[in-house]
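Working notes for the structure below.
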Amino acid sequence: EGIKDIHDEL
Amino acid sequence: MNIFRIIGDLSHLLAIIILLRKIWKTRSCAGISGKSQILFALVYTTRYLDLVTTYVSLYNTVMKIIFIAVSIATCYLIYMKFKATYDHNHDTFRIEFLLAPAVILALLINHDFTFLEILWTFSIYLESVAILPQLFMVSKTGEAESITSHYLFALGSYRALYILNWIYRYHNEEIYDLIAIVAGIVQTALYCDFFYLYITKVLRGKKLQLPA
């Protein structure tokens, strides 16, 4: 699955 | 965005506001580990450098600015304004034993060997252990004021809620970030002992006394 490409969490 | 992450972020925001307010109102940082606060300021400044490169949302940007500002303000109150009330004798945890492994691990295990990504990874690893000086100080003094334990409960809950957020995102969005998840589990595990004491004692109106 997709590992997140940008860090959209705090 | 999901309910777990919103409540987690608000719990996190509540924690740092409780702490800043406590120090400001009582004009004292007794019982507070300045070393943990330095580590948190380092965590937010290294993690949120992407403020200048990536725009995620207004919420994301505003919260990052607040976390950086409040953590730096808290360090200022501890080490400058109310320095006379800082408890050097009990805030003795050697933070170099936390910084060095975080740096080394960030260089070895990361998603991408770029400057910003290494800093983000360092920040994630450091955050998972940043509370140790504070927990160490509470164990050394043998007790914590109830406001400090509310701070710790809110701070510990934030990352516990993030674990629920990661489970939610894995099931619903099929995305995950193992570095954040593993570090978040370690971070939450460090609070378990405190959570037990908080629920069995503080919520019953007793003072948080650690078995010396």
Side-chain angles (χ1 to χ4, degrees), chain A, chain B residues 1-2 4-6 8-13 16 43-44 46-51 53-57 59-68 110-112 114 116-117 119-121 123-124 127 158-159 161-163 165-166 168-181 183-184:
Chain A
E1 287 88 26
I3 285 195
K4 285 186 284 174
D5 52 349
I6 62 155
H7 301 300
D8 60 349
E9 297 177 343
L10 289 176
Chain B
M1 180 55 96
N2 58 70
F4 303 113
R5 191 138 58 93
I6 290 178
D9 289 340
L10 293 179
S11 180
H12 189 187
L13 183 64
I16 62 175
V43 163
Y44 304 133
T46 51
R47 186 178 306 178
Y48 299 152
L49 290 178
D50 61 357
L51 264 173
T53 60
T54 322
Y55 179 78
V56 175
S57 69
Y59 169 81
N60 189 274
T61 301
V62 167
M63 290 294 265
K64 285 177 176 176
I65 291 168
I66 292 173
F67 286 161
I68 289 173
N110 52 64
H111 291 313
D112 194 17
T114 60
L116 276 182
E117 190 61 24
L119 279 186
W120 178 86
T121 312
S123 158
I124 290 287
E127 188 193 8
Y158 127 73
R159 215 62 181 171
L161 286 158
Y162 255 67
I163 294 173
N165 152 66
W166 291 320
Y168 174 91
R169 295 192 81 176
Y170 180 71
H171 282 291
N172 293 41
E173 302 164 39
E174 297 205 352
I175 56 172
Y176 62 95
D177 180 339
L178 270 187
I179 287 179
I181 291 170

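Basis for what follows: all heavy atoms, side chains included, without hydrogens, waters or symmetry-related copies.
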Closest non-hydrogen atoms of B/Tyr162 and A/Leu10, given as atom of the first, atom of the second and distance, are OH-N, 3.3 Å
Taking the side chain as every heavy atom from C-beta outward, state whether A/Ile6 and B/Val56 have any pair of such atoms under 4.5 Å apart.
yes
Output the option from B/Arg5, B/Glu117, B/Arg47 having the highest count of non-hydrogen pairs under 4.5 Å with chain A.
B/Arg5
At a 4.5 Å cut-off on heavy atoms, which part of B/Asn165 comes close to chain A: side chain, backbone, both, or neither?
side chain
To the nearest 0.5 angstrom, please state how far the CE atom of B/Met63 sits from the CD atom of A/Glu9.
12.5 Å
Residue part contacting chain A, namely of B/Asp9, when any heavy atom lies under 4.5 Å
side chain
The criterion is salt bridge (Lys or Arg N to Asp or Glu O under 4.0 Å); which residues satisfy it with B/Glu173, sequence neighbours excluded?
B/Arg169
Return the set of residues passing salt bridge (Lys or Arg N to Asp or Glu O under 4.0 Å) with B/Asp50 (not counting sequence neighbours), or none when no residue passes.
B/Lys64
Heavy-atom distance under 4.5 Å between the side chains of B/Asp177 and A/His7, does that happen here?
yes
Okay, B/Tyr48 and chain A: the region with an atom under 4.5 Å from a heavy atom over there is side chain
